[in-house]
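Counting convention: from 1, in listed order, for ligands and their atoms alike.
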Amino acid sequence: MSVFSHPEFDGHEHVAFHHDQASGLRAIIAVHSTRLGPGLGGCRMWPYASDAEALTDVLRLSRGMTYKAALAGLPQGGGKSVILGDPRHDKSPALMRAMGRFVESLNGRYIVAEDSGTSVPDIRLMAEQTRHVGGLADAASIAAGRSGDPSPATALGVFIGLQAAVRAALGRDDLRGLKVAIQGVGNVGYRLARHLHEAGAKLWVTDLHQPAVDRAVAEFGATAVAMEAIHALDVDVFAPCALGAVLNETRIPQIKAKVIAGAANNQLAKPRDGQRVLDHGLLYAPDYVINAGGIIDIHYEGPGYNEAVVHAHLQRIGTTLTEIFTRSFATERPTGEIADAMAEAIFRA
Ligand code: NAD
């Protein structure tokens, strides 16, 4: 398994592997860049089929965090970690504490937070061993009913970004009657659905998990649709909020919406799908720009957390996307390419 010559290596500053015999922890931390600050990124726990698959995932995710933090205007670099294991069967307090010690061994070059397969209680266990954690509310925030879960901020950021995309593609500010198809109504998709419902949008939803669909139908009057049909509905906006690689060679030509704006990471199956999306006349809000609300929230988490300050920062997601759309219209280049170039100009400066 190569590291330096790995196709996703992309000049990573640091890649660390760790095995803790006592707890059974097997984990990788990747720090892509600390030019703007410590590498901030979640810890994903996943039953990877191989070590190579885990390495590829952590390198791609870590690189993405550098771009995300730069365009979100945060003094933070990009990093990510993965634990090889099934979060439903292999998790234990000892494993999470061992992960905390692994994070600590990087002396603050990497700051850990939640990701798929890890949640606030896991990060609390890590925090027993290291100060280098994000995504945890302090006592005052907990008393105010917050947990440190970044999903509400991610959902609000996606809502703000979706509004910017609708303004750019459809020339409208009012979301009343806007038709939106949401793929995945989990932590972020459900909250996005609520924002949209409150703004008067009409919703179509799907999810692997039937109770999640039922909740959106009951609370927001959404229409439930089959999983394989959601991307091809005759709506204004398609909001992928479940899994990655949704936008591929087969599905892109089937999309009837004019706007793609959702929370899922790595929505483009391949880099060239960005051009396909453009050629098909779709306005795509680059995933790492529109879903940056979570790291913005994590950045401010801790003593003195001020919701108004966080919300003001989340509004900048809309401003940044408007700039990306304007440049894309002017140059006829894919929005993802424009976003990458803007991020590189910031973190390579
Ligand atoms: P989640 O697990 O709470 O929700 C995802 C939902 O998608 C689940 O309800 C799941 O059942 C459903 N799902 C999975 N596969 C599906 C499929 N094929 N078709 C339809 N539904 C399917 O996760 P989340 O925290 O809401 O995150 C959603 C996406 O947003 C992920 O891609 C995540 O990486 C990304 N994201 C989340 C955050 C955050 O703050 N939570 C931040 C940035 C990006």
Side-chain angles (χ1 to χ4, degrees), residues 40-46 57-58 60-62 64-65 67-69 71-72 74 78 80 82 87-88 112-120 122-123 134-137 146-162 181-195 203-217 222 224-233 238-248 251 260-269 285-301 310 314 317:
L40 170 66
C43 173
R44 178 168 290 189
M45 184 166 185
W46 191 255
D57 204 30
V58 77
R60 289 192 65 196
L61 291 164
S62 157
M65 291 306 292
Y67 285 73
K68 188 185 291 205
L71 269 194
L74 295 172
K80 203 87 182 183
V82 294
R88 263 176 278 183
V112 69
E114 299 87 356
D115 197 70
S116 309
T118 61
S119 56
V120 171
D122 300 319
I123 305 301
L136 281 188
R146 300 174 27 73
S147 70
D149 174 7
S151 303
T154 303
L156 181 55
V158 173
F159 177 67
I160 291 165
L162 186 150
I182 307 179
Q183 179 181 48
V185 271
N187 284 322
V188 179
Y190 165 73
R191 291 178 171 94
L192 173 66
R194 185 164 55 209
H195 288 301
L203 305 177
W204 282 259
V205 300
T206 196
D207 200 290
L208 267 179
H209 187 53
Q210 190 57 39
V213 173
D214 296 344
R215 180 171 67 165
V217 170
V225 294
M227 285 205 294
E228 58 284 4
I230 192 81
H231 68 281
L233 294 181
F238 171 45
C241 295
L243 63 173
V246 180
L247 306 175
N248 64 18
R251 289 195 202 97
I260 302 170
N265 276 312
N266 300 325
Q267 291 174 33
L268 298 172
D287 44 22
Y288 68 78
V289 184
I290 195 169
N291 73 16
I295 55 159
I296 291 172
D297 190 57
I298 288 169
H299 172 71
Y300 289 103
E301 200 55 83
V310 176
L314 293 178
I317 290 177

May I ask you to check whether D207 has an N/O atom sitting below 3.5 Å from an N/O atom of ligand 1? yes
Verify atom 9 (O) of ligand 1: protein non-hydrogen atom under 4.0 angstrom away: yes
Using the ring of each side chain (for Trp, its six-membered ring), is Y67 parallel, tilted or perpendicular to Y288, with breaks at 30° and 60°? perpendicular
Counting from 1 in the order shown, the ligand 1 atoms closer than 4.0 Å to a non-hydrogen atom of H209 are 11 (O)
Examine N291 against ligand 1 and note whether any of their N/O atoms are separated by less than 3.5 Å. no
Using every non-hydrogen atom in the two residues, find where I182 and C241 come nearest and quote the distance to one decimal. CG2-SG, 4.2 Å
Any protein heavy atom < 4.0 Å from atom 13 (N) of ligand 1: yes
Using a plain distance cutoff, I'd like to know if R44 has any nitrogen or oxygen under 3.5 Å from a nitrogen or oxygen of ligand 1. no
Could you tell me whether C241 and ligand 1 have an N or O pair separated by under 3.5 Å? no
Which atoms from ligand 1 have a heavy atom of M227 less than 4.0 Å away? 17 (C), 19 (N), 20 (C)
Protein heavy-atom partner closest to atom 22 (C) of ligand 1 - residue, atom, separation in Å: A242 CB, 3.6 Å
Can you list the residues that meet the salt bridge (Lys or Arg N to Asp or Glu O under 4.0 Å) rule with D57, with sequence neighbours excluded? R44
Report the part of A212 (side chain from C-beta onward, or backbone N, CA, C, O) that has a heavy atom under 4.0 Å from ligand 1; answer both or neither where that applies. neither
Contact check: S151 vs ligand 1, nitrogen or oxygen atoms, below 3.5 angstrom: yes
